[in-house]
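Remarks on the structure that follows.
Computed from heavy atoms alone, side chains included, the values below leave out hydrogens, waters and symmetry copies. Numbered from 1 within each chain, the chains take letters A, B, ... in sequence-line order.
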Amino acid sequence: MAGSALKRLMAEYKQLTLNPPEGIIAGPIDEENFFQWEALITGPEDTCFEGGVFPAQLTFPHDYPLSPPKMKFNCEMFHPNIYPDGRVCISILHAPGDDPMGYESSAERWSPVQSVEKILLSVVSMLAEPNDESAANVDAAKVWREDRDGFNKLAEKLVRKSLGLPQ
Amino acid sequence: MRLLFVTFGSIMLTSIVIGNAYHQKKQFYPSVVYLTKSNPSMAVLYVQALVFVVLAGKLLRKFFFGQLRAAEMEHLIERSWYAVTETCLAFTVFRDDFSPRFVAMFTLLLFLKCFHWLAEDRVDYMERSPIISWVFHIRVVSLLSLLGALDMYFVHHAYHSTLTKGASVQLVFGFEYAILLTVVINIFVKYVLHTIDLQSENPWDNKAVYLLYTDLMMGMTKVVLYMLFVVIMIKVHTFPLFVIRPMYLTIRAFKKALNDVIMSRRAIRNMNTLYPDATPEELQASDNVCIICREEMVSSCKKLPCNHIFHISCLRSWFQRQQTCPTCRMDILRSPATVAAAAAAAAAPGPQRAPAEPAAAQQQAVPQQLPQMFMGGFPMWPPMNHLQPAGAAGAAAGPPPGQQPEVRATEAEMPAGTSAPTTTSAGGATGASPSVPPPPGGGFIPGAPSMFGFTPNMFMPFGMMPPPPAPPSFAGLTDEELRRMEGQERQNVEARIQCLRNVQTLLDAAVLQLQQYTSVVGATSTASHITISQAPTFTSSMTNTTSNGGATTGTTQSSGVHLATGANTSAVHSSHEVSGDSEVSGKLPESVGATAAAAKVTANDVASDSSYVGEASASASAPSGGGEDKNEEVRRRRLQHFEAAPAAGGETDS
């Protein structure tokens, strides 16, 4: 019998395929390896990321769901809560105990109750409402805070890029 | 591609160098001598050797691992850099022994280390991979035995060379290989565990436990080895700078493993002993999917005190990381009282009481537990008769308006023939009648009147008090109440005393709860403890409060006991004082404000929240924690206080 992590990931995959949440597609890159997923996230409506389709990669630990997966955008992103290299920094992805930004209460951290779907939904809402209090990308946070129009323009550029449209 | 180029280049260079030497010297020995004398040729040959090592590594890797996964490769590179840095540091320590042979030894060590890491990653991967082929098993087993044999050989070799030739750089190798040997053993144990797990169809519950203990044991071995190494190195050479990082990591890992083991053991013990198994009905009622593994729960499920249900095995592995409820993050370790309460509630369903207001229940609880305290050997303060007025009046601190009716009700339950009509009648009564009602069955209360013979004297003054108004709210002191407590007039002082007494009552409750808690926790053997005999009632009332939202668990317990003990003693105990008061009352003259604040706090605690047990008992535990001796002391101080208090009031009514 394979590990419980694998079983749970299979169950989540099934669930996500049967009832996909709006604007989100996710699944293992390769059926052989259920611990690497790819997800496509559409930018939430009425935000500067509207219309964009952003690919991201999820890497699950072998003790999932006891430990959180890691998420990384595979495309260029400019967002206060996404590191310049694409790693997503939201509290739901941090195991209680490690707190890179030093502000999160353990109530909003990872727990086995969370799931891929919840993570992706949180990421969508993070795209809609950046948290500039604890910026992973300080430049992005600065632009977001001080020059909202500039941020919107940059975001629009990213959206066009993600769709393969001319700039 | 680049590697190919380097390999090819290196081979070309080597053949040119060798060809040149042979061409010049024409004979074997002279050419060898020529080569070794010429630095550039030696450099080329070293590079060539390195290339061969890398090629051999690749070959072996192909043989034992096949294609490396991206994660493994990353890991390998990351760790290699650290290892290379540490090796360079080690060179600085042993610069005297620096020689090609020495470098070769270190290269070999690095080379073997890489294979250890890869083996570790590969065995970890077993857990995630859906299919494990027999090739995998053959590879892992052969690799592990090879590595183990090599490690042992080198340890042996180092040991001998140290014995025969004295301490040298072989010491370092000996320890490094010993550490690697522990790594091999660790990997092997993990491999065996994973293999066993793979053989069976069902998840193997205990695997995580074994893994944890393996980690612990290996961590300890490593820590000991490192310590030993550092000590020996300091004696023989200097401080070995290059082991600081691995040593730190090892110690940290060991500490974490130890902590995990302890915490998870505690949580799992709690789970096994205190939480009920979920019944089929409960499983039916909820949505029946374990939120941890997302599978149906059919059997072997536990219900946490917060009513969340999970598989036992899932909970167990989760508790090894964190001791909280996965859903609501309730701390499993910090709330044993709550846990016990919930357990009891689940064990004996069927509330006997109609859901009463928790507040009222709690008020009763405080006093009614008194007899239990006696039996429990808790040193008692003589009971006061007139607490009820006090309680009902409970200016700010305490009892809700509902209290008095409740108390009366309980008195109605008293067996006929209990004498002394209690002075419930709002304190207007002189309080002269020492109302210590005999309990239905208890043997000790009949002695009570004599025991507390001095009671009337002591408390007469309070009996004279005008009936204070019921507190308008439970939330805190109103301005008016505060004002009433200021000043030197008799009523002011009385108001203060009132307030203090409410504080006492609350502290009382806290102490009782502490007691309860200890008795519940240590309930296994204590036949002498009353709590056990009272368990049935206790549990039943438990249920009732749980139905009230489960908020006031702490108080619920006491109300349960109250029911059990027989209601009649309300008068006795309500006036009973807790140790905590001595602290407060000492300040009486000066700092009414402060006490009022204290009262407020305690009142809020009692009134509102479920953390009552924790907080209130924390506040009480400071004064009362000391046990009997402490309590004696407290009693003395209280006596003093009560003698002082009437004096301050201007009248002494004895």
Salt bridge (charged side-chain N to carboxylate O under 4.0 Å, His left out) with R245(B): which residues, sequence neighbours excluded?
E86(B)
Can you confirm whether K153(A) is buried at NZ, in the sense that more than 12 heavy atoms of other residues, nucleotides or ligands lie under 6.0 Å from that atom?
no
Considering all heavy atoms of both residues, which atom of P112(A) and which atom of P326(B) are nearest to each other, and what is their separation?
CD-CB, 3.9 Å
Side-chain heavy-atom pair I292(B), P65(A) within 4.5 angstrom cut-off:
yes
Closest non-hydrogen atom pair, W110(A) against W318(B)
O-CH2, 4.5 Å
Distance check, rounded to the nearest 0.5 Å: Q114(A) atom CD versus I291(B) atom CD1?
9.5 Å
For M217(B), I'd like to know if atom CE has over 12 heavy atoms of other residues, nucleotides or ligands within 6.0 Å.
no
Is the number of heavy atoms from other residues, nucleotides or ligands under 6.0 Å of R148(A) CZ greater than 12?
yes
